[in-house]
A.B. asks: 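Have a look at the structure that comes next, please.
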Amino acid sequence: QVQLVESGGGSVQAGGSLRLSCAASGYTYNDCMGWFRQAPGQEREGVATIHAAIGSSSYADSVRGRFTISRDNVKNMVYLQMNSLKPEDTAVYYCATTRGYCRTSPPPISRGDFGYWGQGTQVTVSS
(Lines give C-alpha, C1' and ligand atoms only; values in the text may rest on other atoms or scores of the structure.)
Protein backbone atom coordinates (compact mmCIF):
# COMPACT_ATOMS: atom_id res chain seq x y z
CA GLN A 1 0.00 0.00 0.00
CA VAL A 2 1.37 3.38 -1.04
CA GLN A 3 1.46 6.12 1.57
CA LEU A 4 2.65 9.66 0.99
CA VAL A 5 2.95 12.35 3.66
CA GLU A 6 4.05 15.88 2.77
CA SER A 7 5.63 18.44 5.07
CA GLY A 8 7.53 21.70 4.85
CA GLY A 9 4.90 24.06 3.51
CA GLY A 10 4.42 27.53 4.93
CA SER A 11 4.40 31.24 4.20
CA VAL A 12 7.34 33.10 2.69
CA GLN A 13 7.98 36.41 0.98
CA ALA A 14 8.68 36.62 -2.72
CA GLY A 15 12.28 35.74 -3.47
CA GLY A 16 12.49 33.37 -0.53
CA SER A 17 12.98 29.60 -0.39
CA LEU A 18 11.20 26.57 1.00
CA ARG A 19 11.94 22.86 0.93
CA LEU A 20 9.07 20.41 0.77
CA SER A 21 9.52 16.83 1.94
CA CYS A 22 7.50 13.73 1.19
CA ALA A 23 7.77 10.56 3.27
CA ALA A 24 6.90 7.77 0.86
CA SER A 25 6.27 4.08 1.35
CA GLY A 26 4.96 1.26 -0.83
CA TYR A 27 6.44 2.53 -4.11
CA THR A 28 8.87 0.55 -6.28
CA TYR A 29 12.06 1.44 -8.12
CA ASN A 30 10.04 1.30 -11.35
CA ASP A 31 7.92 4.22 -10.18
CA CYS A 32 8.20 7.93 -10.71
CA MET A 33 7.68 10.35 -7.86
CA GLY A 34 6.37 13.84 -8.38
CA TRP A 35 5.22 17.14 -7.01
CA PHE A 36 2.03 18.73 -8.25
CA ARG A 37 0.24 21.88 -7.19
CA GLN A 38 -3.25 23.28 -7.24
CA ALA A 39 -4.16 26.92 -6.80
CA PRO A 40 -7.72 28.01 -5.96
CA GLY A 41 -9.98 27.72 -8.98
CA GLN A 42 -7.32 26.05 -11.08
CA GLU A 43 -6.55 22.50 -12.12
CA ARG A 44 -3.83 20.46 -10.48
CA GLU A 45 -0.63 20.78 -12.51
CA GLY A 46 2.68 18.97 -12.60
CA VAL A 47 5.63 20.83 -11.08
CA ALA A 48 8.49 18.33 -11.09
CA THR A 49 8.89 14.56 -11.35
CA ILE A 50 11.75 12.11 -10.89
CA HIS A 51 12.31 8.44 -11.69
CA ALA A 52 12.87 6.56 -8.45
CA ALA A 53 15.72 4.39 -9.74
CA ILE A 54 17.35 6.40 -12.55
CA GLY A 55 16.99 9.86 -11.04
CA SER A 56 16.02 11.49 -14.33
CA SER A 57 13.71 14.46 -13.86
CA SER A 58 11.16 16.67 -15.59
CA TYR A 59 10.09 20.21 -14.73
CA ALA A 60 7.27 22.52 -15.66
CA ASP A 61 8.50 25.50 -17.65
CA SER A 62 7.24 27.85 -14.95
CA VAL A 63 9.61 26.43 -12.32
CA ARG A 64 12.61 25.24 -14.32
CA GLY A 65 15.78 26.81 -12.95
CA ARG A 66 14.13 27.72 -9.63
CA PHE A 67 12.92 24.36 -8.26
CA THR A 68 14.89 21.14 -7.82
CA ILE A 69 13.41 17.69 -7.17
CA SER A 70 15.47 14.99 -5.50
CA ARG A 71 14.95 11.65 -3.84
CA ASP A 72 16.62 9.55 -1.16
CA ASN A 73 15.77 5.89 -1.66
CA VAL A 74 17.44 4.90 1.60
CA LYS A 75 15.24 7.22 3.64
CA ASN A 76 12.25 6.82 1.26
CA MET A 77 11.98 10.58 0.89
CA VAL A 78 11.28 12.92 -2.01
CA TYR A 79 12.17 16.60 -1.79
CA LEU A 80 11.31 19.77 -3.65
CA GLN A 81 13.71 22.65 -3.12
CA MET A 82 11.97 25.86 -4.14
CA ASN A 83 14.06 29.00 -4.62
CA SER A 84 13.22 32.48 -5.91
CA LEU A 85 9.59 31.94 -5.01
CA LYS A 86 6.95 34.09 -6.67
CA PRO A 87 3.38 34.91 -5.58
CA GLU A 88 2.12 32.77 -8.47
CA ASP A 89 3.75 29.73 -6.82
CA THR A 90 1.08 29.94 -4.10
CA ALA A 91 -0.85 26.67 -4.07
CA VAL A 92 -1.42 23.41 -2.26
CA TYR A 93 1.48 21.13 -3.17
CA TYR A 94 0.92 17.38 -3.47
CA CYS A 95 3.34 14.49 -3.54
CA ALA A 96 2.43 11.66 -5.92
CA THR A 97 3.65 8.37 -7.34
CA THR A 98 2.86 6.38 -10.43
CA ARG A 99 1.16 2.99 -10.35
CA GLY A 100 4.19 0.70 -10.54
CA TYR A 101 5.81 1.82 -13.78
CA CYS A 102 6.82 4.96 -15.64
CA ARG A 103 9.17 5.76 -18.50
CA THR A 104 12.67 6.67 -17.43
CA SER A 105 13.62 9.59 -19.61
CA PRO A 106 12.03 11.90 -19.45
CA PRO A 107 9.70 10.93 -16.62
CA PRO A 108 6.07 11.93 -17.16
CA ILE A 109 4.73 15.10 -15.63
CA SER A 110 1.07 14.66 -16.52
CA ARG A 111 -1.40 14.25 -13.69
CA GLY A 112 -3.02 11.27 -15.41
CA ASP A 113 0.18 9.20 -15.13
CA PHE A 114 0.14 9.36 -11.33
CA GLY A 115 -2.16 7.23 -9.23
CA TYR A 116 -1.33 7.83 -5.57
CA TRP A 117 -1.49 11.17 -3.78
CA GLY A 118 -0.63 12.70 -0.44
CA GLN A 119 -2.90 15.03 1.47
CA GLY A 120 -1.11 18.20 0.36
CA THR A 121 0.74 21.05 2.04
CA GLN A 122 0.02 24.75 1.62
CA VAL A 123 2.63 27.11 0.21
CA THR A 124 1.87 30.83 0.33
CA VAL A 125 4.17 33.41 -1.25
CA SER A 126 3.47 37.06 -0.48
CA SER A 127 4.66 39.98 -2.56
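For this chain, numbers begin at 1 and follow the sequence in order.
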A.B. asks: Are the side chains of L18 and Q81 in touch, meaning some heavy atoms are under 4.5 Å apart?
C.D. replies: no
A.B. asks: Donor-acceptor check, side chain of T121 to backbone of G9, threshold 3.5 angstrom: yes or no?
C.D. replies: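 Yes.
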A.B. asks: Is any side-chain heavy atom of Q119 closer than 4.5 Å to a side-chain heavy atom of V92?
C.D. replies: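 A side-chain contact is absent here, since even the closest heavy-atom pair is not under 4.5 Å.
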A.B. asks: If you look only at pairs with a residue in residues 47-94, which of them pass as a disulfide bond (SG atoms under 2.5 Å apart), with sequence neighbours excluded?
C.D. replies: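 The answer is none; no pair qualifies.
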A.B. asks: With no hydrogens and no angle check, just 3.5 Å: does a side-chain donor-acceptor pair link D31 and T98?
C.D. replies: yes
A.B. asks: Within the supplied structure, the quantity of interest is the number of heavy atoms (other residues, nucleotides, ligands) at a distance under 6.0 Å from Q13 CD; does it exceed 12?
C.D. replies: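 No, the 6.0 Å shell around CD holds no more than 12 heavy atoms from other groups.
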A.B. asks: When Ile, Leu, Val, Met, Phe, Trp and Tyr are grouped by side-chain heavy atoms lying under 4.5 Å apart, directly or through other members, which residues fall in the same group as I54?
C.D. replies: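 Besides I54, the hydrophobic cluster comprises nothing; the residue is isolated.
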A.B. asks: Quick one, S11 and S126 - any side-chain contact, counting heavy atoms below 4.5 Å?
C.D. replies: no
A.B. asks: Tell me whether L80 is reachable from L4 by hopping between hydrophobic residues (I, L, V, M, F, W, Y) whose side-chain heavy atoms are closer than 4.5 Å.
C.D. replies: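 Looking at the clustering, L80 is in the same group as L4.
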A.B. asks: Going from CD1 on I109 to CD1 on I69, what distance comes out if it is rounded to the nearest 0.5 angstrom?
C.D. replies: 8.5 Å
A.B. asks: Rounded to the nearest 0.5 Å, how far apart are CG of D89 and OG1 of T124?
C.D. replies: 11.0 Å
A.B. asks: Using atom types as modelled and distance alone, determine if a side-chain donor or acceptor of E6 lies under 3.5 Å from a backbone N or O of C95.
C.D. replies: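 At least one qualifying donor-acceptor pair exists.
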A.B. asks: Can you see which heavy atom on R99 is nearest to which on G112, and at what distance?
C.D. replies: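 Heavy atoms only, the tightest pair is NH1-O, 3.5 Å.
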A.B. asks: Can you tell me how far apart SG (C102) and CE (M33) are? Round to the nearest 0.5 Å.
C.D. replies: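 Between C102 SG and M33 CE, I get 10.0 Å after rounding to 0.5 Å.
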A.B. asks: Could you walk me through whether D61 and R64 pass the salt bridge (Lys or Arg N to Asp or Glu O under 4.0 Å) test, one step at a time?
C.D. replies: CA-CA 5 Å; D61 289 343; R64 187 174 289 111; 2.6 Å; yes
A.B. asks: Applying side chain to side chain contact (heavy atoms under 4.5 Å, CB included), name anything that partners S110, two or more places apart in sequence or on another chain.
C.D. replies: D113
A.B. asks: For a 4.5 angstrom cut-off between non-hydrogen side-chain atoms, does Q122 reach Y93?
C.D. replies: no
A.B. asks: Between the side chain of S57 and the main-chain N/O of T49, is any donor-acceptor distance below 3.5 Å?
C.D. replies: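 No.
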A.B. asks: Can you check whether V47 reaches Y59 side chain to side chain, under 4.5 Å on heavy atoms?
C.D. replies: no
A.B. asks: S25 and N76: side-chain donor and acceptor closer than 3.5 Å?
C.D. replies: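 No.
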A.B. asks: In chain order, what residues pass the side chain to side chain contact (heavy atoms under 4.5 Å, CB included) check against Y29, with sequence neighbours excluded?
C.D. replies: A53, N73
A.B. asks: According to ring-ring contact (aromatic ring centres under 6.0 Å, His included), who are the partners of Y94, at least two apart in sequence or on a separate chain?
C.D. replies: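 With sequence neighbours excluded, Y94 shows a ring-ring contact (aromatic ring centres under 6.0 Å, His included) to no residue whatsoever.
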A.B. asks: With a 4.5 Å cut-off on side-chain heavy atoms, are P108 and R103 touching?
C.D. replies: yes
A.B. asks: Is there a side-chain contact between T90 and R37 in this structure, where contact means two heavy atoms from C-beta onward sitting under 4.5 Å apart?
C.D. replies: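 T90 does not reach R37 side chain to side chain.
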A.B. asks: Looking at T68, is its backbone amide N or carbonyl O close enough to the side chain of Y79 to form a donor-acceptor pair, meaning the two atoms are under 3.5 Å apart?
C.D. replies: no
A.B. asks: Would you check if W35 and V78 make a side-chain contact, meaning some heavy-atom pair closer than 4.5 Å?
C.D. replies: yes
A.B. asks: Assigning hydrophobic clusters by single linkage (Ile, Leu, Val, Met, Phe, Trp, Tyr; side-chain heavy-atom cutoff under 4.5 Å), is V125 placed with F67?
C.D. replies: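 Yes: a chain of side-chain contacts under 4.5 Å links V125 to F67.
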A.B. asks: If you compare all heavy atoms of Q38 against all heavy atoms of Q42, which two are closest, and at what distance to 0.1 Å?
C.D. replies: NE2-O, 3.1 Å
A.B. asks: Counting N and O atoms only, with roles assigned by atom type, does the side chain of R71 sit under 3.5 Å from a partner on the main chain of A52, one being a donor and the other an acceptor?
C.D. replies: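 At least one qualifying donor-acceptor pair exists.
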A.B. asks: Write down the atom of P87, the atom of S127, and the distance for their closest heavy-atom approach.
C.D. replies: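 Smallest interatomic distance, heavy atoms only, reads CG-CB, 3.9 Å.
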A.B. asks: Could you list all the ring-ring contact (aromatic ring centres under 6.0 Å, His included) pairs where at least one residue sits in residues 102-127, not counting sequence neighbours?
C.D. replies: F36-F114, F36-W117
